[in-house]
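When reading the values below, keep in mind they use all heavy atoms of this one structure, side chains included, and skip hydrogens, waters and symmetry mates. Everything quoted here is computed from the prediction, not taken from an experiment.
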Number of protein chains: 2
Amino acid sequence: MSGVNERAHKAAHRTPDYTSSGPGDLSVHRMPGHFIRRLQQVAVRLFGDCVGPELTPVQYAALCAIAQTPGAGQAALAALIGYDRATIGGVIDRLEQKGWVARSGSPEDRRLNLLSITPDGQAALARAAPAVLAVQDKLLEPLDPQEREAFERMCLKLLAHHLG
Amino acid sequence: MSGVNERAHKAAHRTPDYTSSGPGDLSVHRMPGHFIRRLQQVAVRLFGDCVGPELTPVQYAALCAIAQTPGAGQAALAALIGYDRATIGGVIDRLEQKGWVARSGSPEDRRLNLLSITPDGQAALARAAPAVLAVQDKLLEPLDPQEREAFERMCLKLLAHHLG
DNA sequence: TACGATCTGTATGCATGCTGTCAATATTGC
DNA sequence: GCAATATTGACAGCATGCATACAGATCGTA
């Protein structure tokens, strides 16, 4: 195990939650919102462990979306992956700084920053893809195939309800 | 619907994901890690909508843990709810600034900041509790009782595997 | 008892994330 | 054609989160 998020991880080892909390527990440890928070924490740590520090989950999602939707503006990109317009700016900044993404103005609409992936960006994406897929597998590792299918189906159901 | 996270929420409405993405989609929209990320986003937005801006999810969890574990230091508190030692400091700062939490040194171990909840903090906690419970319910609203049980069980299974 | 290992809180730096605001630019209604 | 409106990207501000490093304090042990 790498040192990513070592403190929070070690900390979690010291709590008895998640393995034996009793039915009378009214604290945060019984709340789905807290589960999701901790799962997000786990997923980010796994991503760092498997993919490495050169690409964050957010940057991967953005790079992926840019590759699949060439010529989109920042707002359109944010819409695609559910980010905020204010957040995506900094993400693109960092991807641009690495030379993986290029901004170019649009002649038709001078407000837009048309985004495109560079060859280096393509290479980085291809390099990271296997590890990213491995993360998804490790994440759901303790679930059997039926449970995985059910988990993903319920996640999609929740997202469709709250976002759709 | 309140205006919390309006931009990302409106953005999400414009994407066809989560309702009709085809089986050949290799993008981020098929990845459990991305689902969890979006669910976390939804949960935070629901929390803001139901509880209000005076208490964040993180602050609620911390306040809750302090109320249940009086006399714990910051590191112990962080371990209880899975935060980082470096993060909890700022959270406590803000709770202390609101007058809901008090720091006091320990005579036995002068490194420790013993944490305790104030009467105002107790009141804030009691005020927020119903809304926080409502958030959990709204979050899993689209799932029937069996699905909710299964979802929570699988979350706990995942967390026990990755943290335990 | 001295000393090294460990623990605690803090500070810094980086990366998300969201709110509110703003200027520039398009679009629409009249 | 022009005024009201909407959209876009940028910026400031606040709140997580984590890695790293540091100083003070404690603990285990030789």
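- In the displayed structure, A:Lys138 atom NZ is contacted under 6.0 Å by at most 12 heavy atoms of other residues, nucleotides or ligands.
- Each of A:Glu108 and A:Val58 lies near DNA chain C, and the nucleotide nearest A:Val58 is the one positioned closer to the 5' end.
- Straight-line distance from the CG atom of B:Leu55 to the P atom of D:dA15: 12 Å, rounded to whole Å.
- As rounded to whole Å, 13 Å separates atom P of D:dT16 from atom CG of B:Leu77.
- With respect to B:Arg148 and B:Asp137, a salt bridge is recorded, a charged nitrogen being found less than 4.0 Å from a carboxylate O.
- Rounded to whole Å, atom C1' of C:dT8 lies 12 Å from atom CG of B:Leu115.
- DNA chain C is contacted by both A:Gln40 and A:Pro107; A:Gln40 maps to the nucleotide lying nearer its 5′ end (nearest heavy atom per residue).
- B:Tyr60 places its OH atom 15 Å from the P atom of D:dT16, with the value rounded to the nearest Å.
- The interatomic distance linking B:Arg38 (CZ) with C:dT16 (P) rounds to 16 Å, in whole Å.
- Regarding B:Arg85, its CZ atom lies at a distance of 13 Å from the P atom of C:dA11, rounded to whole Å.
- Electrostatic pairing of A:Asp93 and A:Arg103 counts as a salt bridge here, judged by a charged N lying under 4.0 Å from a carboxylate O.
- Rounded to whole Å, atom C1' of D:dG17 lies 14 Å from atom NE2 of A:His34.
- D:dC22 atom P lies 19 Å from atom CZ of B:Arg111, rounded to whole Å.
- B:Gln41 has a side-chain polar atom (N or O) that falls below the 4.0 Å cut-off from OP1 or OP2 of C:dC18.
- In this model, the phosphate group of C:dA15 is not approached by any side-chain N or O of A:Thr87 to a distance below 4.0 Å at OP1 or OP2.
- Ranking D:dA15, C:dA26, D:dC11 by closeness to the B:Gln59 side chain, first place goes to D:dA15.
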